[in-house]
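Let me begin by presenting the structure, written as structure tokens, before commenting on it.
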Amino acid sequence: MSDTGRRPTAAKTAADPRPVSRWAPWLWTSGSLLVMLVLSAAVGSVTLPPLSIVQMVVDKLPGVDLGIVWPATFRTILFDIRLPHTVLIALAGMALGGSGAAYQGLFRNPLADPYIIGVASGAGLGAVLAMTASWPTTLLGMAAVPVAAFVGAVLTVGLVYTIARVGRSAPVTTLLLAGVAVGTFASAITSLLMLLSTNELYRAISWLLGGFSLGGWQPVLVSLPYLAIGLGSLALLGRPLNVLQFGDEEATALGLDTEKFKLVIVIAASLVAATAVAFSGIIAFVGLIVPHLVRMLWGVDYRRLILLATIGGGTVLLAADIVSRTILAPRALPVGIVTSVVGAPFFLYLLRRAKREVFW
Amino acid sequence: MSAPLVLSEISLGYPDRMVLADVSLTVESGEVFAVVGPNGVGKSSLIKAVSGILPCQRGQVDVYGVPVSELNPAQRARQIAVVPQATHVPPAFTARQVVAMGRTPYLGWLEREGPDDRVKTDAALERSGTLALAGRRMGELSGGEQQSVLIGRALAQDASIMLLDEPTSHLDLRHQDRILKLVRTLAHDQGMAVLIALHDLNLVARFADRVGLLSDGSLRKQGDPRQVLTPKDLAAAYGIEIRVLEHPVYGTPLVLTG
């Protein structure tokens with residue numbers, strides 16, 4: 001983290017803290033998430049009219065009967081195939097956006113995200129271990145994958161933190177370096193495991209690239225409680241996370257029990273990131289770029305940044321998923337390829353901007 | 001009633017290499033106690049030890065008679081407010097947001113600021129002279145303004161002890177003057193106990209009620225600025241020839257090199 005541009009040229013930022021309307025960020029993010037949800041459900045080998053999608057969902061609400069008759073296939077496609085996929089993608093994106101924002105706040109580094117500090121690789125290793133042991137087909141078996149991923153993620157963070165620790169705290173630079181090293185190591189073991197269990201190789205690779213091969217509502221139901229607990233805690237801890245932006249020592253002097261607080265954030269963020277990895281594999285850059293965008297547009301206040309990045313993450317991953325399903329239709333690309341191809345140059349663009357502008 | 005701040009024979013550093021040994025001093029309510037000494041002598045370490053961030057190797061720091069090591073961070077922050085040097089301030093928070101963070105020791109992790117916290121935040125903005133800056137981002141403010149905001153944040157903590165680590169070292173003359181007058185007012189008019197690390201001896205002579213001179217790993221001398229800022233003691237501490245004249249206006253010591 002640098003303080004380049006800490007004293008910006010006056011003209012550049014004089015108009016910068018424009019009074020942001022209290023509701024505008026929420027309207028923008030939630031509105032675009034709704035649009036993407038409908039679009040994602042509409043696009044496919046059979047295009048469903050967006051209006052019908054909205055009507056069918058409203059019709060499904062208890063006590064509502066619109067009295068409209070749709071082709072029987074519409075309902076099956078929407079409720080059994082499209083919506084489970086759409087909702088799972090949205091949840092994965094939300095998990096990545098929210099945990100990315102939390103990691104960036106925790107490590108006070110705009111480059112921190114679940115992948116860079118090794119958490120995703122650790123979660124991936126845990127998930128692959130659970131999968132190669134026995135591919136989950138039951139609800140209970142499927143619940144074991146996120147649990148294994150979470151254990152992998154927390155062990156990785158613990159290991160990274162222990163290696164990076166100097167005295168009572170972990171400086172950002174050593175933390176990121178340790179994250180890269182441990183993450184690479186975990187990825188190597190993951191690859192080895194996949195090669196050794198040849199018959200699961202294809203499925204494991206397609207999972208690793210973010211292909212959502214599991215169908216039905218089960219993954220949604222299994223991941224929901226983990227995400228609700230993790231993201232809910234993170235969103236509520238925004239105020240102390242703001243205090244942490246002044247550094248560990250200053251935050252401690254301000255009365256925050258810094259070590260305990262960081263531990264809680266690590267656990268909540270790892271729970272969320274691990275759940276995303278367990279059901280969607282390695283999807284890069286969403287957790288990095290979405291919090292960046294939110295910060296640039298609406299400032300660094302973590303009291304709303306976490307939640308806005310959560311909603312924005314769902315929106316962005318849904319958009320990437322629509323592209324991945326349509327660009328080479330009828331073939332669907334793994335969504336991780338799309339996020340990387342679009343995300344990497346965009347991230348480089350952000351890096352260049354970051355040199356000149358104050359948004360961190 | 002015990003004194004706000006009592007340091008009893010504290011030693012700081014590492015078991016094999018002490019930075020400071022056997023420092024004892026007391027800071028009373030309503031006074032500004034300045035710690036001076038050459039670079040690297042341990043002024044910042046002393047401030048950190050008093051604020052409980054750096055554990056003492058030996059000795060102890062008492063806050064109103066209670067060892068600082070027995071207080072948790074929130075209890076400590078209600079008694080002791082620390083004003084760091086404004087060199088690495090996150091640029092995107094507004095001055096009001098930063099001052100409001102002084103309310104941290106009174107709020108649970110999940111709590112938000114209530115009406116009482118907002119009143120105290122406004123009062124702290126007012127007392128630190130930063131009310132006019134409240135809506136501006138830290139990154140747009142000058143160094144002196146940033147430093148004032150950090151003092152405002154310390155005031156929002158409602159603590160009766162204030163520690164400052166070189167608050168003026170990167171400021172121009174006007175802002176140095178402003179900040180230190182504010183600090184003196186807080187002590188003399190509002191009864192705060194102030195411990196401040198400073199390296200400009202002439203500012204110390206003007207604004208401090210008492211001075212502690214650190215040199216060669218220990219507290220060489222402490223007392224009234226006139227007693228401590230002498231050519232002999234300063235020459236011994238800084239290793240150069242130093243003259244001390246009388247300030248033509250204030251009558252305080254005026255320190256010159258050579």
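By convention in this document, chain letters (A, B, ...) are assigned in the order of the sequence lines, proteins followed by strands, and residues within each chain are numbered from 1. In this text the structure is predicted, and so the values were computed from the model without any measurement.
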Examine distances only and state if a side-chain atom of B/Arg78 and a backbone atom of A/Gly255 form a donor-acceptor pair shorter than 3.5 Å.
no
In terms of heavy-atom proximity below 4.5 Å to chain A, should B/Gln75 be classed as side chain, backbone, both, or neither?
neither
Can you see which heavy atom on B/Ala77 is nearest to which on A/Ala253, and at what distance?
CB-O, 3.4 Å
Do B/Trp109 and A/Leu236 make a side-chain contact, defined as non-hydrogen atoms from C-beta onward lying under 4.5 Å apart?
no
Looking at every heavy atom in both B/Lys48 and A/Glu249, which two are closest together, and how far apart are they?
CE-OE1, 3.0 Å
Greatest number of heavy atom pairs closer than 4.5 Å to chain A - which of B/Arg76, B/Gln157, B/Arg153:
B/Arg153
Would you check if A/Glu250 and B/His88 make a side-chain contact, meaning some heavy-atom pair closer than 4.5 Å?
no
Stepwise side chain to side chain donor-acceptor pair (under 3.5 Å) test for A/Asn242 and B/Gln97:
CA-CA 9 Å; A/Asn242 278 344; B/Gln97 283 175 322; over 6 Å; no
Is the shortest heavy-atom distance from the side chain of A/Gln245 to the side chain of B/Met101 under 4.5 Å?
no
Name the region of B/Leu107, side chain, backbone, both or neither, that has any atom closer than 4.5 Å to a heavy atom of chain A.
both
Below 4.5 Å from any heavy atom of chain A, which atoms of B/Thr104 appear? Answer side chain, backbone, both or neither.
both
